[in-house]
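Note that this is a predicted model, so its numbers are computed, not measured. Chain letters run A, B, ... following the sequence lines, proteins first and then strands; every chain starts at 1.
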There are 2 protein chains.
Amino acid sequence: MLGNPYDRDCPTRQLLDRIGDQWTVLIVGALTDGPLRFTEIGKRVDGISQKVLTQTLRSLVRDGILIRTAYPVIPPKVEYELTQLGRNLAEPLDLLDRWARRNMDQVTAARAAYDAENAATAS
Amino acid sequence: MLGNPYDRDCPTRQLLDRIGDQWTVLIVGALTDGPLRFTEIGKRVDGISQKVLTQTLRSLVRDGILIRTAYPVIPPKVEYELTQLGRNLAEPLDLLDRWARRNMDQVTAARAAYDAENAATAS
DNA sequence: CTGTATCCCTCGGGATACTG
DNA sequence: CAGTATCCCGAGGGATACAG
């Protein structure tokens, strides 16, 4: 079967890995409201280093998820914007984001229960 | 705002990272058809090492995504199964999976175009 | 402002061997 | 069968300095 990520050599697997990346989810999410400049993205995605931001943006551009537009002005101005492909991707990503927010409490509770259990069972 | 993954200290961010993990996506996907034994999961998720499989399974159990059931028989038999929370998660994850499969070709093409562009521009 | 270039160090995760 | 325990390597990614 084509495009089966359960096969280790399938390119779909790499793609899945890329879009599942924490930074990718956040960056694509940040751009759903419209184009943003380099620095703007950095500010929205708290904690990302400049290096990683650059790397992630470039690979997203390469994958056809984003478009990069450089304005020949001084100081430089560069905008990043979702392509159609990127906007398509934004939907499932947003669902994941919503799921995380919605179920955060349950997960936190589950963790606490699990940890308590293990501390107690540590007889 | 609560549950904002754009804040680096928000727990939702960690959760998003966890569920976005390549192995998590594949494991949860593999379990949507029903419970599986440890070795079965390992076989379905091609390329995962035993260590990582164990780690990922444990953290998913801790997060309340999976239930682990050990049968006191010899040889040991352990089954992993999605919780209700896990089944809820399976949906958005499946969408991501489908997206990746559906758009793999476009991404591959975009990469080729990007690389060609860059090779040419490398004057 | 928007990157590029290094240094460097942590840690994810593979390989292997052993246990209940 | 289902793990646990080590060893160990390479990549990810932070900090910092510099460039167009």
Side-chain contact, heavy-atom cut-off 4.5 Å: [X] with [Y]?
X       : Y       : value
B:Thr56 : B:Trp23 : yes
A:Val45 : A:Ile41 : yes
A:Arg44 : A:Leu36 : yes

- Query: Atom CD of A:Gln50 and atom P of C:dC1: how far apart are they, to the nearest Å?
  - Reply: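 Distance, rounded to whole Å: 11 Å.
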
- Euclidean distance, atom CD of residue B:Gln22 to atom C1' of C:dG14 [Å, nearest integer]: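 Taking CD of B:Gln22 and C1' of C:dG14, I get 14 Å after rounding.
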
- Query: Looking at residues 29-39 of chain B, who's got a heavy atom less than 4.0 Å off DNA chain D?
  - Reply: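 By residue number: B:Arg37, B:Phe38, B:Thr39.
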
- Under 4.0 Å from any atom of DNA chain D, heavy atoms only: list the residues of residues 68-82 of chain A that qualify, in numerical order.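 Here the set is A:Pro76.
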
- Message: For the backbone of A:Thr24 and the side chain of A:Asp21, can you confirm whether one donor and one acceptor N or O come within less than 3.5 Å of each other?
- Response: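 Present.
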
- Item | Main-chain N/O of B:Ile65 paired to B:Thr83 side chain as donor or acceptor, under 3.5 Å |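 Here the side-chain-to-backbone pair exists.
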
Applying side chain to side chain contact (heavy atoms under 4.5 Å, CB included), name anything that partners [X], two or more places apart in sequence or on another chain.
X        : answer
A:Ala90  : A:Val28, A:Thr32, A:Leu82
B:Glu79  : B:Pro35, B:Arg37, B:Tyr71, B:Lys77
B:Thr108 : B:Met104
B:Ala70  : B:Arg68, B:Val78

- Item | Pairs involving residues 49-66 of chain A, ordered by first then second residue, that meet salt bridge (charged side-chain N to carboxylate O under 4.0 Å, His left out) (sequence neighbours left out) |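 Output for this query lists A:Arg18-A:Asp63, A:Arg62-B:Asp115, A:Asp63-B:Arg111.
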
- Item | Listed partners of A:Glu40 passing salt bridge (Lys or Arg N to Asp or Glu O under 4.0 Å), at least two apart |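 Testing A:Glu40 for salt bridge (Lys or Arg N to Asp or Glu O under 4.0 Å), a comparison that skips the adjacent residues, returns A:Lys43.
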
- Message: Who clusters with A:Ile67? Use side-chain heavy atoms, under 4.5 angstrom, across I, L, V, M, F, W and Y, and order the result by chain and number.
- Response: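 Its cluster partners, ordered by chain and number, are none at all.
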
- Message: With salt bridge (charged side-chain N to carboxylate O under 4.0 Å, His left out) as the criterion, how do B:Asp17 and B:Arg13 come out once you've worked through the C-alpha distance, each side chain's angles and the decisive distance to 0.1 Å?
- Response: CA-CA 6 Å; B:Asp17 198 24; B:Arg13 175 109 136 209; over 6 Å; no

Any protein N or O atoms within reach of nucleotides 9-12 of chain C? Criterion: under 3.5 Å, listing atom names and distances.
none

- Closest nucleotide of DNA chain D for A:Ile48 versus for B:Glu40: which of these residues is on the 5' side?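 Here B:Glu40 is the residue nearer the 5' end.
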
- Task: At the 4.0 Å heavy-atom cut-off to chain B, mark where contacts on DNA chain D begin and end, going 5' to 3'.
- Result: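 On DNA chain D, the outermost contacted nucleotides are D:dC1 to D:dC7.
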
- Through what angle, rounded to 10 degrees, does the axis of the helix from C:dC1-D:dG20 to C:dG20-D:dC1 turn between its ends, using five pairs per end?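 Terminal axis comparison yields 50°.
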
- Task: Taking all heavy atoms of B:Ile48 and all of B:Ile27, pick out the closest pair and write down the distance.
- Result: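 Nearest heavy atoms, B:Ile48 then B:Ile27: CD1-CD1, 4.4 Å.
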
- Item | Pair A:Asp97 + A:Arg101, salt bridge at N-O below 4.0 Å |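 Looking at A:Arg101 together with A:Asp97, the answer is yes, because their closest N to O distance falls below 4.0 Å.
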
